[in-house]
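Here the structure is laid out as structure tokens; the discussion comes afterwards.
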Amino acid sequence: MKFVCFLLIICCAKGLRANISNKVFPPSFKFGASTAAYQIEGGWDADGKGPSVWDTFVHKGGVTVDNSTGDVACDSYHKWEEDVQILKELGAQIYRFSISWPRILPDGTTKNINQKGVEYYLNLIKALKANNIEPIITLYHWDLPQSLEENGGWLNPVTADYFGEYTRLCFQLFGSYIKYWITLNEPFIQCLHGYTVGLLAPGVVNLGEGIYKCAHVQLLAHAQAYHIYDDEFRDSQNGKVGVNIPYSWMGPKDPNNSLDVEATERYFQFQCGLFANPVLIGNWPQLVIDRVGNLSAQEGLATSRLPELTKEEIEFINGTSDYIALNSYSASLVSYANDSTPLIPSYLTDYNVETSMNDSWPTSTAEWLVSYPEGLRLALNQINDRYHPSEIIITENGWSDDGQLNDIGRQEYMEGYLNSILEAITEDGVNVTGYSTWSLLDNFEWAYGYTQSYGIIKVDFKDPNRTRTWKDSATWYKNVIENRFITK
Ligand code: BGC
């Protein structure tokens with residue numbers, strides 16, 4: 001009997017150890033948190049900063065649900081030292097933030113460099129390094145200098161050249177400290193909401209062509225930054241430049257219905273493929289070329305609304321990413337929809353599918369954001385199988401609620417998604433090397449203003465001091481980082 005008990009104990013202990021070790025993140029895996037300049041910095045016109053499209057957009061009024069602006073936001077322009085302390089206390093190993101282009105180049109061009117802006121970022125970067133926190137810099141998170149917008153913004157190819165010059169300056173100024181760069185945050189969302197449906201700055205409505213023209217210019221901008229780094233800085237700085245892809249898993253509503261399966265593939269290529277394909281495989285996805293070409297012909301247009309990429313452009317853009325920075329939040333089910341007649345020339349009808357959510361998925365305060373953790377594992381596998389990146393970092397993943405300190409919903413969400421990442425690493429062999437949650441702080445949530453909270457740290461926006469308070473999820477996350485496995 002004693003012997004049987006002894007055996008049982010050994011077996012249980014072994015099982016437990018196997019279970020725990022399955023749940024342990026590899027030693028090189030890095031945890032951290034993300035933010036973006038316009039959403040946290042404030043100081044919108046401080047110390048020589050130029051206006052961005054977001055300053056202009058929100059100052060018009062009526063564009064955010066609470067009519068708020070990012071003029072002060074979390075005031076991180078003045079409170080950055082406190083933010084670094086929070087990151088340190090959290091045990092963060094990475095911090096993903098963005099540089100405000102007009103803070104260092106007020107009119108977008110290198111003719112006039114704002115030293116105060118440069119100092120701000122240098123101080124922040126040095127403080128992070130001093131605390132062993134690896135900065136991951138997004139070069140552009142939607143706050144285009146207003147003067148470039150007046151010149152056509154992301155619809156004018158010259159913006160790609162200005163972006164190239166701006167990024168060269170950033171590599172010169174900050175590159176000796178930086179190992180990971182992200183060029184443009186979520187080009188798909190910027191082009192869709194900024195230049196197609198007009199919900200985000202600069203608010204351009206151009207349903208038929210906006211997204212394609214913007215994508216063309218942003219792809220050239222991304223590739224310029226990559227080549228500049230490759231040609232002029234890689235040897236001495238030895239960092240990586242990555243493309244940022246927003247992709248949340250989508251699957252056919254009825255997996256046995258071939259039309260739903262076809263619709264899912266179409267939706268994937270029109271969202272993810274539109275940017276990932278040219279950068280990681282070369283050229284627009286064939287499915288997108290064919291579909292927009294055919295619809296444009298039926299609309300009586302002489303050429304496709306999707307600009308053709310020249311052979312030189314395809315070569316210039318292809319292969320310009322050292323890793324993938326993946327932003328992934330939610331999930332959706334896709335079903336087939338009949339094309340409407342008469343045809344409306346619009347990106348939305350170009351892909352023309354219906355989407356829904358599964359009723360069992362917990363919902364957040366953002367109507368598009370549900371929790372389906374298994375979806376992230378599936379998404380990672382899809383991205384891995386299609387594009388074969390050598391490395392993926394999750395640069396955004398987070399949950400929106402009403403700002404309560406007892407944010408169990410966020411904790412459960414993070415727990416599920418971290419588990420899913422771990423499974424993708426340990427069971428599927430996907431090389432995910434980091435997780436940076438959205439967001440470190442409650443912040444200005446674009447068109448939703450301050451009505452949705454994504455932070456693991458609460459910010460009191462009524463307090464001129466913008467006091468920061470730890471939520472329960474932050475304490476839980478600190479524990480995960482410390483122990484490197486997920487605890488219930
Ligand atoms: C953006 C963030 C935004 C978050 C939540 C992402 O698409 O990069 O700026 O706050 O989603 O909506």
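Values reported hereafter were calculated over all heavy atoms of this structure, with side chains retained and with hydrogens, waters and symmetry mates removed. For ligands, and for the atoms within them, numbers begin at 1 and follow the listed sequence.
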Q.
Show me, by chain and number, every protein residue that has a heavy-atom distance under 4.0 Å to ligand 1.
A. Q39, H141, W142, N185, E186, Y329, W368, E396, W438, E445, W446, Y454
Show the atom names and distances, to 0.1 Å, of all donor-acceptor pairs under 3.5 Å that link a side chain in residues 354-362 to residues at least two apart or in another chain.
{"residue": "N358", "atom": "OD1", "partner": "S360", "partner atom": "N", "Å": "3.0"}
{"residue": "N358", "atom": "OD1", "partner": "S360", "partner atom": "OG", "Å": "3.0"}

(Q) Taking the basic N atoms (NZ, or NE/NH1/NH2) and the acidic carboxylate oxygens, is any pair closer than 4.0 Å for R168 and E165? (A) no
Q: Just jot down the salt bridge (charged side-chain N to carboxylate O under 4.0 Å, His left out) partners of D55, sequence neighbours excluded, or say none.
A: K49
Q: Sort out for me which residue in D75, D463, D83 forms a salt bridge (charged side-chain N to carboxylate O under 4.0 Å, His left out) with R468.
A: D83
(Q) Is the terminal nitrogen or CZ of R386 (NZ for Lys, CZ for Arg) located under 6.0 angstrom from the six-membered ring centre of F268 and within 45° of that ring's axis? (A) yes
(Q) Among residues at least two apart in sequence or on other chains, which ones pass disulfide (SG to SG under 2.5 Å) with C191? (A) C214
